[in-house]
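See structure below.
Computed from a predicted structure; not experimentally measured. Heavy atoms only: backbone and side chains are in, while hydrogens, waters and symmetry mates are out. So you know, we letter chains A, B, ... as the sequences are listed, proteins then strands, and number each from 1.
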Number of protein chains: 2
Amino acid sequence: MNVRTLCLGILAFDEASGYEIKKAVEDGMFSHFIEASYGSIYPALTHMLADGLVTVREQLQEGKPLKKVYSITEAGRKALKNSLHELPQQDKFKSEFLFQALFRDQVEMKHLEAVFDGQMAFLYDELATIEECRQSAEPGSGHAFVNGYGRAVVSAAIQYMEESRSSLGLPEKTISSDAAE
Amino acid sequence: MNVRTLCLGILAFDEASGYEIKKAVEDGMFSHFIEASYGSIYPALTHMLADGLVTVREQLQEGKPLKKVYSITEAGRKALKNSLHELPQQDKFKSEFLFQALFRDQVEMKHLEAVFDGQMAFLYDELATIEECRQSAEPGSGHAFVNGYGRAVVSAAIQYMEESRSSLGLPEKTISSDAAE
DNA sequence: CCTCACATGTAATGAGTTACATGATTGG
DNA sequence: CCAATCATGTAACTCATTACATGTGAGG
């Protein structure tokens, strides 16, 4: 999938600016698909505007810079549907964290612990984001399915990580002020 | 992570040819980290050879073409360790399957079913691959941890998918003996 | 005052994929 | 004979990231 399709998908739900799209991809409702930087989002929007897949409207705001709000067109919806049908019908579980875990004997214990804790922090953060999104997702919607899937997978990862901590030779984590589940 | 680091990691376990690396990344013990094509693997090996991170040995085989077997050097191990320490300490759950699921209302039911079944097939296949790898992974090793993680996550995904089938409006899957079209 | 959040964009660069190009051998 | 598997490699191309470039307004 490319950034164009991602943006089109987001705009199919609601109009948005490039900045808002970035935020949604970074953290929000659309953070579980692919990554995208400003350097790919803005050109994608410009390109789609030229192709008539989106329209733009400049919005003046009080106390904030001018915002260019993009809306999807009928042609855009058609293009999205088309792209959707062309996407591969499988995806892969790939993890760079696992790659690092693979070499646990070859790195310093301190580093392994940092990596493990980093992944743990990520997983808990991810779960929190998902729970947050679950609030605003209506039951039976695509969003609800996505959040349910994410929650199932992330929870399983957390559980396995917690169980594995000692077997990797890592010290027990004394809970300082963390949010327990 | 780049393909160079991936290859180096694989070679840290055992010597291999470019072709063998590709197979291991496609299907085998090293299929859960990043993807890599011949077009990236061969140049990576050539590059690392020039840098002295690996050595090469040409191996004649009966009934098969000549094979170039690469082995990691001490400098290679050092470089690997270095790269490992520089990798990001988090990774992301990204899924293009979920993106498609998001638009379940906007695609034809037939397509949604194909995508769903495709993902299901992938998950079961993945689980089978992992179980297979578990046989050859010695307990307590990095491989064992990786396989355990993969198994936990993939199992959770399968369970959620099975539970969600009907709620997505998909027909119950009759155990496939009459799957011929 | 200075930094952060908001907001938009471009250009150089880099990393990888796809398609191309070749060729041996085995099995149906 | 033809397809598949084994095996190595290159070149054009795509796509996205990073760094650059600019500017406003709010709040500590």
Side-chain angles (χ1 to χ4, degrees), chain A residues 1-8 10-11 15-28 30 33-51 54-70 83 86-88 90-92 94 96 99, chain B residues 1-8 10-11 15-28 30 33-51 54 56-70 83 86-88 91-92 94 96 99:
Chain A
M1 188 166 59
N2 57 30
V3 173
R4 264 204 321 289
T5 306
L6 175 70
C7 290
L8 219 45
I10 293 171
L11 295 178
E15 52 173 29
S17 66
Y19 189 82
E20 286 164 350
I21 288 174
K22 179 74 199 323
K23 293 299 150 193
V25 168
E26 225 171 57
D27 250 3
F30 297 90
F33 314 117
I34 60 166
E35 285 173 271
S37 63
Y38 290 121
S40 58
I41 292 170
Y42 285 118
L45 290 170
T46 308
H47 192 276
M48 293 196 295
L49 185 63
D51 287 354
V54 298
T55 55
V56 72
R57 165 172 63 82
E58 302 210 334
Q59 190 175 300
L60 287 161
Q61 303 172 109
E62 291 167 46
K64 279 178 189 173
L66 175 123
K67 191 161 68 166
K68 291 170 83 171
V69 180
Y70 293 87
S83 298
E86 270 163 24
L87 286 178
Q90 298 203 335
D91 58 19
K92 306 270 161 88
K94 302 280 174 185
E96 297 198 19
F99 188 75
Chain B
M1 185 165 61
N2 57 30
V3 174
R4 264 204 323 288
T5 306
L6 175 69
C7 291
L8 218 44
I10 294 171
L11 295 177
E15 53 172 31
S17 66
Y19 189 82
E20 286 163 349
I21 288 174
K22 178 73 197 326
K23 293 297 149 196
V25 168
E26 225 171 57
D27 251 1
F30 297 91
F33 313 117
I34 59 167
E35 285 173 272
S37 63
Y38 290 123
S40 58
I41 291 169
Y42 285 118
L45 290 169
T46 309
H47 192 276
M48 293 196 294
L49 185 63
D51 287 353
V54 298
V56 72
R57 168 172 60 82
E58 302 209 333
Q59 191 176 298
L60 288 160
Q61 303 171 107
E62 291 167 46
K64 279 180 190 174
L66 174 123
K67 191 161 67 166
K68 290 170 81 170
V69 180
Y70 293 86
S83 299
E86 269 163 26
L87 286 178
D91 59 19
K92 304 271 160 88
K94 302 280 175 186
E96 298 197 18
F99 188 76

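Every residue was checked against the side-chain hydrogen bond (donor to acceptor under 3.5 Å, both in side chains) condition with A:Ser40, not counting sequence neighbours, and none meets it. Scanning for side-chain hydrogen bond (donor to acceptor under 3.5 Å, both in side chains) contacts around B:Lys22 gives B:Glu26, with sequence neighbours left out. Taking the side-chain hydrogen bond (donor to acceptor under 3.5 Å, both in side chains) definition, one finds that B:Glu35 meets it with nothing, sequence neighbours left out. Partners of B:Tyr70 by ring pair (Phe, Tyr, Trp, His ring centres under 6.0 Å), not counting sequence neighbours: none found.
Between B:Phe33 and A:Phe99, the angle of the ring planes goes over 60°, which puts this pair in the perpendicular group of the 30/60° scheme.
For the helix from C:dC1-D:dG28 to C:dG28-D:dC1, the rotation axes defined at the first and last 5 base pairs enclose an angle of 30°, given to the nearest 10°.
For B:Glu26 and D:dA7, the CD to C1' distance is 14 Å, given to the nearest whole Å. Remark: C1' of D:dG25 and CG of A:Leu60 are 15 Å apart, rounded to the nearest angstrom. As rounded to whole Å, 14 Å separates atom C1' of D:dT5 from atom CG of B:Asp27. In this structure, the CG atom of A:Leu6 is 10 Å from the P atom of D:dT17, given to the nearest Å. In this structure, B:Ile41 places its CD1 atom 15 Å from P of D:dC6, rounding to the nearest Å.
Proximity of B:Val69 to B:Val56: side-chain heavy atoms (C-beta onward) are nowhere separated by under 4.5 Å. Here the side chains of B:Thr5 and B:Ile34 are not in contact, with every heavy-atom distance at 4.5 Å or above.
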What string of B, S and - do you get for nucleotides 7-17 of chain C, 5' to 3', if B is base contact, S is sugar-phosphate-only contact and - is no contact with any protein heavy atom under 4.0 Å?
BBBB-----SB
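The closest donor-acceptor contact from the side chain of A:Glu20 to the backbone of A:Ala24 lies at 3.5 Å or more, if one exists at all.
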